Protein chains: 2
Amino acid sequence: MSTDDPTSSAGIAATTPTEARRPLTLRDVSEASGVSEMTVSRVLRNRGDVSAATRERVLAAAKKLGYVPNKIAGALASSRVNLVAVILPSLSNMVFPEVIDGISNVLEDTELQPVLGVTHYRPEQEEKVLYEMLSWRPSGVIIAGLERSEASKAMLRNAGIPVVEIMDVDGEPIDSVVGISHRRAGRVMAQAIIEAGYKRIGFLGTKMPLDHRAKKRLDGFVDALEAAGMKLADEEYYEGGSGFGKGREMTKAILERSPDLDFLYYSNDLIGAGGMLYCMENGIDIPGRVGMAGFNNIELLDGLPRQLATMDSCRREIGEAAARIIAERAGSPALAGGEHVVLMPKVTMGDTLQRQ
Amino acid sequence: MSTDDPTSSAGIAATTPTEARRPLTLRDVSEASGVSEMTVSRVLRNRGDVSAATRERVLAAAKKLGYVPNKIAGALASSRVNLVAVILPSLSNMVFPEVIDGISNVLEDTELQPVLGVTHYRPEQEEKVLYEMLSWRPSGVIIAGLERSEASKAMLRNAGIPVVEIMDVDGEPIDSVVGISHRRAGRVMAQAIIEAGYKRIGFLGTKMPLDHRAKKRLDGFVDALEAAGMKLADEEYYEGGSGFGKGREMTKAILERSPDLDFLYYSNDLIGAGGMLYCMENGIDIPGRVGMAGFNNIELLDGLPRQLATMDSCRREIGEAAARIIAERAGSPALAGGEHVVLMPKVTMGDTLQRQ
DNA sequence: TTGAAAGCGCTAACAA
DNA sequence: TTGTTAGCGCTTTCAA
C-alpha cells in the first residue's frame, strides 16, 4: 500500500452509523480542501504534477472525511477496470484454492484484482457467470478448461480482452492457454505402472461426466495400456464429493469384485488416500499385493502411512503463469495473445508404485 | 437464467477476434432494432411495460450482435450494485471454501453476486482489500472475524451498507454477526474431555498470533480446565500450513517430551488426523492410552481409521445465514440491522474421546 | 501547477 | 407503450 493511501493510517472519521448517509464524493473532498475536484482526483491517483502543499491538504481532507473513491464512476470515465475475472468449477477439492493463490501472488504486485466466479462444473452456470463478469468489463479472464458452450466461446472471443484458459492443454484454446496435458498425465502414469510390472489394473474415479480433465486422464491411461497390449481389469465410479470414505468404499467394492487386481489407479489423491487406509487396515500389502496411484499431489497428504504415488497438477504454477500473461497484456494491450504454456510434471513414485 | 437472457441460447455473433473492437453499447442495439435506447434498456432489464413485438425485436438484435450490458454504467446511473463483498482470511484450510459455498447457495436465488477478497490473516491486507471492495460500492459485506484495525472498522461503519461479521461471536460486532463462540467451543470440549476422565492434557496448535479464533478456543479450553482445578500439561505450536505431516511431527515431539500425556487437543482436525496416524503406527492405543480431539468437523476426513472427536464449526450454515441477512436487507434497505445469530454445535465424540 | 468543460453508458423521472 | 432529458461521479482533454 502506498503511503498516499488514505486508509494507511488511523484518523478516518468514525461517523456514527445513523441512517444511511449519502456516500462521499470527490466534490466533498474538494470543498473540504478548497481545491478543485480535478486536482483532488489527481492527488488520489498520484497522476500529474501537484504541489506538495496541495497534496497534503487533499490527503488530509480525504482521510478526515473517510472518503472512499467510487471506482464505478472512475471505471466508466476512464474505461479502465482493474479486475480480472477468474472462473473455476469448484472450490471444494483443494485444487482450485491453490490456483487462486498462484493468481493472487502474481496480481498482488500489480494494479489488478482477481474476482472469482464458480461454475460447479455446469456449462449453463459458466455461461451465466461469464456473462455476469464480462458485464463489468474486466481487464482479462482466467477460466478453467477448454470445453464450453458456443455461447461462452463467443462471449470470450468478442470480449476484446485477454483470455487465458487454464489447467488443460488438450484442445483448441480461444486465446492463451496454461496447463498440463491430462491425456499425457494418464499415459505417463500408465507407463510407469506397466514398467513396474503390474498387470491387472483397476480404475477408480468420478462419474461426473463434465469433469473433462478426469476423463482425458482416463483416456490417456487406457490408450497407454492398449499400446502395451493391456486393458483395464475393472472400474469403479462414484458421485459426489471426494473424501477418504469414498476411497474406502470404492476400494472395498472393487477388490471384492476383482480380488486379482494388483494395481489401483485413482482419479485423485483424496480417494487414493482412503483406499490406502482401507488396504492397510485389512492387511493388504502396499505396494506388494496392490500398488496404487492418484493424481494432484496434494500437499496436505504428506504424512499418510505411505506416500501415495501421484502426479503433480501444477496448480500454483498454472495460476501464476496465467496471471502473468494477463498482467503483461493488461499493461500493453497492443501485445499479441495466443501464448501457450505447457507444463510437464513427472510421476512421483512414492511408496505405492514399485514392485518389491 | 430467464429465457430473456441474451446468453441463454446459441446464435451470438461469432465475430472474428480481430483487433480489439469497441465494446457494443445500448445504442448499437437501439440502432439495430429501430427502438429507443430507453426501450432497449427496459427490455434487457425486464422492467416496465414493453409490447411483445418490440421485446422480440430487441432481444433478437441484442443476441445477434452479442451485446453484453455494461454494468459499470448501469450501476453508476442507478446507484445499485448487485455485488456482495466476501472477505476471508484464507482459502487453503478447507474451512472457508465451505463458507463460500453456503453464501453462493443462498445468493444464487437472488440478484446478488459474491465477490471474494482474501487477507491471509493480515490486518493491513484486510484494510487494503476492504478499501478496494468498498470502492465498488457493493450492496453488503460479509467479513470473517471481529478483530480488525480501527481504519477497517471506520470504513465498515461509514459504508452505509449491511455488514455481517462471521465465524466468531465473541466480541463487539459492527452491525450483524453470525457464528459460534470459539471460547465456548474450547470450554465445551474441555468439559467433555474432563468428564471422560482424562487428566494430563496437551495442546497442539498454530503459532499464528493473528488467528483470533484459534486463540479464543484455547482460552476457553484453559478456562474450563482451571475451573476443574486442572491445567494444560504441555503445549506444542507450529507455523505454516496444516497437514498430516505437521500433525505427526508435533505429536511425536509432545509425546516424547511428555510421555505421560493422556489426551491431545489439536487446534484443527487436519493436524489431529496426522497425530492419529502417528499414534496408530507407533502402537499407541487410542483412546485408551491417549485420547484426541480436533476442531472443524472436516467431512473429507470421514474414513480415517478412527473417527476423530471434534466440534463442528458450522461453516456452511454460517455462510448461508450471513448471505440471507444481506439478501434481506439489500431487498429492503429500510430494515434495521444488528442481527445476531449464534450457532451452538455439540461435541462429536467419535472414537477418540472415551475412556475404555 | 491548476481548473473548466465534456462525456463515459446507462437509468430515473417525466412527458407524450 | 414509448421516448426525451438529465445526470450518476469520475477522468480526459484542453485551456489558463
Side-chain angles (χ1 to χ4, degrees), chain A residues 6 20-59 61-62 65 67-82 111 132 134-139 159-160, chain B residues 6 21-59 61-62 65 67-83 111 132 134-139 159-160:
Chain A
R21 285 147 301 99
R22 174 184 62 76
L24 296 165
T25 70
L26 222 36
R27 176 180 204 111
D28 296 305
V29 182
S30 163
E31 283 169 2
S33 62
V35 172
S36 78
E37 284 185 44
M38 197 51 238
T39 300
V40 173
S41 168
R42 284 197 266 253
V43 170
L44 263 21
R45 284 177 302 144
N46 275 315
R47 217 44 45 101
D49 295 317
V50 181
S51 76
T54 319
R55 169 180 213 69
E56 299 287 280
R57 292 233 309 281
V58 170
L59 253 17
L65 296 173
Y67 172 70
V68 176
N70 185 330
K71 288 224 177 190
I72 296 174
L76 183 61
S78 65
S79 43
R80 251 181 276 111
V81 179
N82 66 342
E111 299 276 67
E132 201 68 26
L134 289 180
S135 71
W136 288 99
R137 302 283 187 264
S139 295
Chain B
R21 285 149 298 98
R22 174 184 61 76
L24 297 164
T25 69
L26 221 36
R27 177 180 202 111
D28 297 304
V29 182
S30 163
E31 283 168 4
S33 63
V35 170
S36 79
E37 285 186 43
M38 196 52 232
T39 301
V40 173
S41 168
R42 285 196 265 251
V43 171
L44 264 19
R45 285 177 300 143
N46 275 317
R47 209 62 29 105
D49 295 316
V50 181
S51 76
T54 320
R55 171 180 209 69
E56 299 287 280
R57 292 233 308 282
V58 170
L59 253 17
L65 296 173
Y67 172 71
V68 176
N70 186 330
K71 289 223 177 188
I72 297 174
L76 183 60
S78 65
S79 46
R80 251 181 276 113
V81 179
N82 66 340
L83 262 24
E111 300 276 69
E132 200 69 26
L134 289 180
S135 71
W136 288 99
R137 303 283 188 266
S139 296

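Worth saying up front: this structure is predicted, and the values here are computed from it rather than measured. Each chain gets a letter, A, B and so on, in the order the sequences are listed, and its residues count up from 1.
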Hits for salt bridge (Lys or Arg N to Asp or Glu O under 4.0 Å) against Glu31(A), two or more places apart or cross-chain, chain-then-number order -> Arg27(A)
Rounded to the nearest 0.5 Å, what's the gap from CD on Glu56(A) to OG on Ser51(A)? Could you check? 9.5 Å
Touch check for Thr25(A), heavy atoms < 4.0 angstrom, all strands: base, sugar-phosphate only, or nothing? sugar-phosphate
Protein proximity profile, nucleotides 11-16 of chain C - base contact B, sugar-phosphate-only contact S, no contact -, cut-off 4.0 Å on heavy atoms: BBB---
At what distance, to the nearest 0.5 angstrom, does OH of Tyr67(B) lie from OG of Ser30(B)? 11.0 Å
Distance in angstrom units between Asp28(B) CG and dG9(C) C1', rounded: 11 Å
With a non-hydrogen cut-off below 4.0 angstrom, is Asn70(B) in contact with a base, only sugar-phosphate, or nothing? sugar-phosphate
What's Thr39(A) touching, base or sugar-phosphate or nothing? Going by heavy atoms closer than 4.0 Å. sugar-phosphate
Could Asp49(B) and Arg55(B) be called an ion pair, given the rule that one side-chain N must be under 4.0 Å from one carboxylate O? no
dist Leu44(B):CG -> Arg42(B):CZ (nearest 0.5 Å) comes out at 12.5 Å
By nearest-nucleotide position on DNA chain D, the 5'-leaning member of Asp49(B) and Ile72(A) is Asp49(B)
What distance do Asp28(B) atom CG and Leu65(B) atom CG have between them, rounded to the nearest 0.5 Å? 6.5 Å
About how many Å separate CG of Leu76(B) and CG of Leu76(A), when rounded to the nearest 0.5 Å? 5.5 Å
Where chain A begins and ends its contact with DNA chain D, read 5' to 3' at 4.0 Å from heavy atoms: dG9(D) to dT12(D)
So how far is it from Lys71(B) NZ to Arg137(A) CZ, rounded to the nearest 0.5 Å? 11.0 Å
Between dG3(C), dT1(C), dC10(C), which nucleotide has the shortest distance from any of its atoms to the side chain of Ser51(A)? dT1(C)
Give a yes/no on whether any side-chain N or O of Tyr67(B) is located under 4.0 angstrom from OP1 or OP2 of dG9(C). no
